[in-house]
Number of protein chains: 2
Amino acid sequence: MAKALKTEQTTNEPVTLDKTDLSILRLLQQNARMTVKEIADKVHLSTTPVHERIKWLERSGVIKQYAALIDHAKVKKGLMVICYVSLKEHSRNAGTKFIKHINELPEVIECYNISGEFDFMLKVVAENMDDYYNFHVNKLSQSENIGNVQSVFVMGVLKHTQVMV
Amino acid sequence: MAKALKTEQTTNEPVTLDKTDLSILRLLQQNARMTVKEIADKVHLSTTPVHERIKWLERSGVIKQYAALIDHAKVKKGLMVICYVSLKEHSRNAGTKFIKHINELPEVIECYNISGEFDFMLKVVAENMDDYYNFHVNKLSQSENIGNVQSVFVMGVLKHTQVMV
DNA sequence: GGACAGTAAAGAATAAAATCCTGTTTGTAC
DNA sequence: GTACAAACAGGATTTTATTCTTTACTGTCC
């Protein structure tokens, strides 16, 4: 049980994954509830090595989380908006404050620092247009450092997968 | 066990969730491996009702998937790019072909139909700039119907949560 | 008020899965 | 060939999920 003994902790270094690791990852990305036995059958191994590999993938930080994915529309968050934001002031402190603000807004489910005209790209979910307008005017724009904001509305989700390896 | 008897199948209708359902959802969005017992303790119920509620959330389609989330950088997919695409021709058939193409490209992990200047927004992961360039030139642009393509590079992930309710 | 139906939950029994332990196989260095 | 380590199989043990049975609560009809 070599991998089990590696004390590889969460650093930012990429790790080396063999064919079996990748097969296991692909299966778990699609269904995190798949049992070790089921995975073992699919990768043609017994449960022990599969279990050890999964634990190693968790310890090494390759698998960073197991999450239940929710149907937006079912929970009355049918509107998705991509929202671009530029700041007026770009000091370290101003940026930190903005990020803190974003993290307190539950409507914002993703936020990226991006290249180009705007500073940030946000993925926002809301119940409907009124709800989004309220978020825009009363929450997002409350930060005094917000410059421009531009909204792009998502009209349809064509692909949304977790599988990337 | 009222909810257990509801034969609510996956439609697009929003469903009604009470406080307890929302608490359970919040926990599972953060950690899909949390045991029924742990959840039960946190929501101050026994395992039975919690188990039944979870099963109902699955059957009704509120929980659409359990997924292992991967650290991009760890699996050598450190570069994330937001990619805008407009098509030359907008017929139903041309759109369908594009979507089919997108679904065959593993680098594209998300694809949205959007409002505004471009038709689609793609989230793409690649190993590095060369890898992305190769994707852009040899894969994405191979569709004969591609008009404009614009790439925005993600310089940092500031927030990425599954929790939306 | 009291019987009744419907709903929600607790507690215990059972089934299934994860986890751990022991030993075997395989490849490699000496 | 022998020693050693990595990777694995099979089975024992522990933990968890699932099911079953019983109890408690709520509102309605008579």
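In the text below, chain A, chain B and the rest are named by the order of the sequence lines, each starting its count at 1. The structure presented is a predicted model; accordingly, all values stated were derived computationally and were not measured.
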Out of [options], whichever nucleotide has its closest atom nearest the side chain of [X]:
X: A:T48; options: D:dT18, D:dG11, D:dA7; answer: D:dG11
X: A:L45; options: C:dT19, D:dA9, C:dA9; answer: D:dA9
X: B:S46; options: C:dA9, C:dT19, C:dA18; answer: C:dA9

- prompt: Quick one: are A:K64 and B:K74 in side-chain contact, heavy atoms under 4.5 Å?
  reply: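 The answer is no, as the side chains (C-beta and beyond) never meet within the 4.5 Å cut-off.
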- request: Test side-chain contact (heavy atoms from CB on, under 4.5 Å) on B:L25 and A:V75 and set out the steps.
  value: CA-CA 10 Å; B:L25 273 181; A:V75 294; 4.3 Å; yes
Atom [atom1] of [X] and atom [atom2] of [N]: how far apart are they, to the nearest Å?
X: B:R53; N: C:dA8; atom1: CZ; atom2: P; answer: 7 Å
X: B:I24; N: C:dA9; atom1: CD1; atom2: P; answer: 9 Å
X: A:E52; N: C:dT19; atom1: CD; atom2: P; answer: 12 Å
X: B:I39; N: C:dA9; atom1: CD1; atom2: P; answer: 15 Å
X: A:N31; N: C:dA17; atom1: CG; atom2: P; answer: 13 Å
X: A:W56; N: D:dA6; atom1: CH2; atom2: P; answer: 14 Å
X: A:Y66; N: D:dT16; atom1: OH; atom2: C1'; answer: 16 Å
X: A:L17; N: D:dA7; atom1: CG; atom2: P; answer: 13 Å

Does [X] have a side-chain nitrogen or oxygen under 4.0 Å from the phosphate oxygens OP1 or OP2 of [N]?
X: B:H51; N: D:dT18; answer: yes
X: B:K37; N: D:dA17; answer: no
X: A:R33; N: C:dA17; answer: no

- prompt: How are the rings of A:Y132 and A:F135 set relative to one another: parallel (under 30°), tilted (30 to 60°) or perpendicular (over 60°)?
  reply: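 A:Y132 and A:F135: tilted rings.
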Over 12 non-hydrogen atoms of neighbours within 6.0 angstrom of NZ in A:K37: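 Counting other residues, nucleotides and ligands, NZ of A:K37 stays at 12 neighbours or fewer.
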query: Heavy-atom count around B:K97 NZ within 6.0 Å, excluding the residue itself: above 12?
result: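 12 or below, so no.
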